[in-house]
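On a predicted model such as this, the values are computed, not experimentally measured, just so you know.
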Amino acid sequence: MTVAAFEKTFKDFGMFKENLKYKNATSRLEDLYRKDEDIRHPFERDYHRILYSNAYRRLKHKTQVFFNTNNDHICTRIEHVNHVASVAETISEFLGLNPWLVRAIATGHDLGHSPFGHTGEKILNKIVKDNGLLNSFWHEKNSLRFIDKIETMPDYEGFERNLNLSYAVRDGIICHCGEVDERALKPRDEFIDLETIMSANQYQSYTFEGCVVKISDKIAYLGRDIEDALSKKILEEEQKLELEEIIKDLYGHKKLKDINTTSLVHLFIIDLCKNSNPDKGLCFSKEYFEIMRTIKKFNYQNIYSHPRLKTFEDYANLIINTIFNRLLSYYDNSNTINKLECDEKFYPLLCEHFREWLLKYASIENQEYRQSKKFISKIIYDINSIEDYKMSIVDFISGMTDSFSIKIFNELIAF
């Protein structure tokens, strides 16, 4: 049977008005302003709010695998989220799911990723644990934090408000962890408070669309990371050929003659669509599930743990900890703003940007700045709490791009 002949069996399970979960899925933390003539679907509005956010724009200068690369053709975080969206949209279209929900989750799933990729994530995780701030720092939860509390957008009157995305999009973002090997995915039924989620992969997504993005995340990066590693000489062509032979010997596979992004994406999408249904959930065949695990293991052994990446990991550790400790040294309760302002003559980039961060998000008696900027978004830090202040530094750093954090570090060491 050809792919075109497969029935779109998921239609009744997608997030459309007929779905019993739809009311919960489209609910928001607050009512979202709108104009009477707005013709967009609720999830379409979410997609546009993500697409025009500053957090999305910064992804173009954030690490996917290789740090702060000067090669224009190496994958960055913004390219990755668009790859995931492309894969997820193809799968959802075939299965009859909601395309706008898939697009919104995929495009926003890494908005809270730190500079320097997973290395930066590990460094910030150690900082929050050492300072007793959180049980752990993980980018899925940080992405939810950014879209709920940090990212803002002007409304029709120019007032800066939080993004206020729908529950289904927020849920798909915090539940997108694709690092755990699962052959089949089905959404959960529980309508839970997303703030209570304490670890990656604690829950499956509330929607099939969220599950599609979770699977698409892995499909999108496996082949692309191999291509980048080859171009940077992290991998040699002989190693890729060895991997292809391993897959051929283990699984007798005839179709996968060359491992690259397009071949892997195509084969995994087709296999997933052939083997999925509402009862089993989103499911790979046993053969392709094992092929995916084999490639993932190969990538971890030969790419992500490569010695050439270690030097830059040490550099990233130095940069992030230097910035954290410098900003921590300014803390003086409500006088912190004045201390930052005084040091702008030495560190104009760091002190000005962080001072503005506190003026926007912290409870400071002088609210003229917020009023002048038309900020009516959430206040999330108590300036008189050292724990809140430390968390403001973590948030500030986690939103940085690779290039901006390096620029800040160079400012700190320059005389």
Side-chain angles (χ1 to χ4, degrees), residues 10-16 19-29 41-47 49-50 80-113 138-148 163 165-197 199-221 269 272-273 276-278 280-284:
F10 280 74
K11 181 66 178 179
D12 294 336
F13 293 80
M15 275 303 126
F16 299 95
N19 191 299
L20 295 176
K21 291 183 174 181
Y22 185 81
K23 183 177 180 180
N24 289 337
T26 54
S27 64
R28 301 178 189 273
L29 296 174
H41 188 281
F43 300 139
E44 185 178 358
R45 293 193 74 190
D46 288 341
Y47 168 70
R49 295 176 76 74
I50 290 168
H80 166 70
V81 301
N82 287 315
H83 283 166
V84 175
S86 174
V87 172
E89 287 171 32
T90 300
I91 295 170
S92 67
E93 165 120 17
F94 177 80
L95 297 178
L97 300 175
N98 190 298
W100 287 112
L101 177 53
V102 164
R103 193 171 295 134
I105 297 171
T107 306
H109 80 275
D110 276 350
L111 290 187
H113 229 300
W138 39 293
H139 77 270
E140 295 91 345
K141 185 67 175 273
N142 199 52
S143 293
L144 180 68
R145 180 174 175 81
F146 259 74
I147 62 176
D148 280 356
L163 294 186
L165 304 181
S166 66
Y167 181 88
V169 174
R170 296 170 58 239
D171 167 84
I173 286 173
I174 193 173
C175 295
H176 82 260
C177 177
E179 294 308 306
V180 179
D181 291 327
E182 294 156 304
R183 184 176 164 192
L185 295 181
K186 291 185 71 173
R188 71 175 192 278
D189 291 324
E190 299 81 10
F191 181 59
I192 62 173
D193 179 355
L194 300 178
E195 286 289 339
T196 65
I197 298 178
S199 61
N201 215 53
Q202 183 178 350
Y203 292 97
Q204 293 296 1
S205 180
Y206 188 62
T207 67
F208 267 114
E209 286 84 352
C211 293
V212 165
V213 172
K214 181 174 181 175
I215 286 181
S216 300
D217 191 13
K218 192 181 296 185
I219 291 175
Y221 75 68
I269 286 176
L272 184 77
C273 290
S276 299
N277 63 56
K280 290 193 305 181
L282 300 168
C283 189
F284 289 108

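When all heavy atoms of A220 and V84 are compared, the pair lying nearest together is CB-CG2, 3.8 Å. Taking all atoms of both residues into account, the shortest heavy-atom contact from L144 to I173 is N-CG2, 4.3 Å. The two atoms that bring R188 and I192 nearest to each other are NH2-CG1, 3.4 Å, heavy atoms only. Residues G112 and N142 share a closest heavy-atom pair of O-ND2, 2.8 Å. Residues I197 and C175 come closest through the heavy atom pair CD1-SG, 4.1 Å. The two residues N24 and S27 come nearest to each other via the heavy atoms O-OG, 2.6 Å.
Rounded to the nearest 0.5 angstrom, S166 OG and Y47 OH are separated by 15.0 Å. Between T207 atom OG1 and L101 atom CG the span is 5.0 Å, to the nearest 0.5 Å. Taking NZ of K141 as the start and CG of D148 as the end, the distance is 10.0 Å to the nearest 0.5 Å. Remark: I269 CD1 to I91 CD1 distance equals 5.0 Å, nearest 0.5 Å. Atom CD1 of I50 is separated from atom CD1 of I105 by 8.5 Å, given to the nearest 0.5 angstrom.
V81 has its side chain out of reach of H113: every pair of non-hydrogen atoms, C-beta onward, lies at least 4.5 Å apart. Two residues are said to be in side-chain contact when any heavy atoms from C-beta on lie closer than 4.5 Å; F94 and L272 fail this criterion. In this structure the side chain of T90 never reaches within 4.5 angstrom of the side chain of S216, judged on heavy atoms. F208 is not listed as a side-chain neighbour of V102, based on a closest heavy-atom distance of 4.5 Å or more. Looking at heavy atoms from C-beta onward, L95 lies in side-chain contact with L282 at the 4.5 angstrom threshold. Between H80 and H109 the shortest side-chain heavy-atom distance falls below 4.5 Å. Side-chain contact between I174 and Y203 is absent, with no heavy-atom pair separated by less than 4.5 Å. With a 4.5 Å cut-off on side-chain heavy atoms, H176 and D110 count as touching.
Partners of K23 according to the side chain to side chain contact (heavy atoms under 4.5 Å, CB included) rule, which considers only residues two or more places apart in sequence or in another chain, do not exist here. Qualifying salt bridge (Lys or Arg N to Asp or Glu O under 4.0 Å) partners for R103, counting only residues two or more places apart in sequence or in other chains: E89. Listed by chain and residue number, E195, T196 satisfy the side chain to side chain contact (heavy atoms under 4.5 Å, CB included) test with D193 (two or more places apart in sequence, or in another chain).
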Go through the steps for R170 and D46 under the test salt bridge (charged side-chain N to carboxylate O under 4.0 Å, His left out), then give the verdict. CA-CA 10 Å; R170 296 170 58 239; D46 288 341; over 6 Å; no

Check step by step if side chain to side chain contact (heavy atoms under 4.5 Å, CB included) holds for E140 and N201. CA-CA 9 Å; E140 295 91 345; N201 215 53; over 6 Å; no

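Although no hydrogens or angles enter the test, the distance criterion places a donor-acceptor pair under 3.5 Å between the side chain of E209 and the main chain of N98. A donor-acceptor pair is defined here as one N or O able to donate and one able to accept, closer than 3.5 Å; such a pair exists between the side chain of S276 and the backbone of C283. A donor-acceptor pair is defined here as one N or O able to donate and one able to accept, closer than 3.5 Å; no such pair exists between the side chain of S86 and the backbone of N82. For the pair K21 (side chain) and Y206 (backbone), a donor-acceptor distance under 3.5 Å is present.
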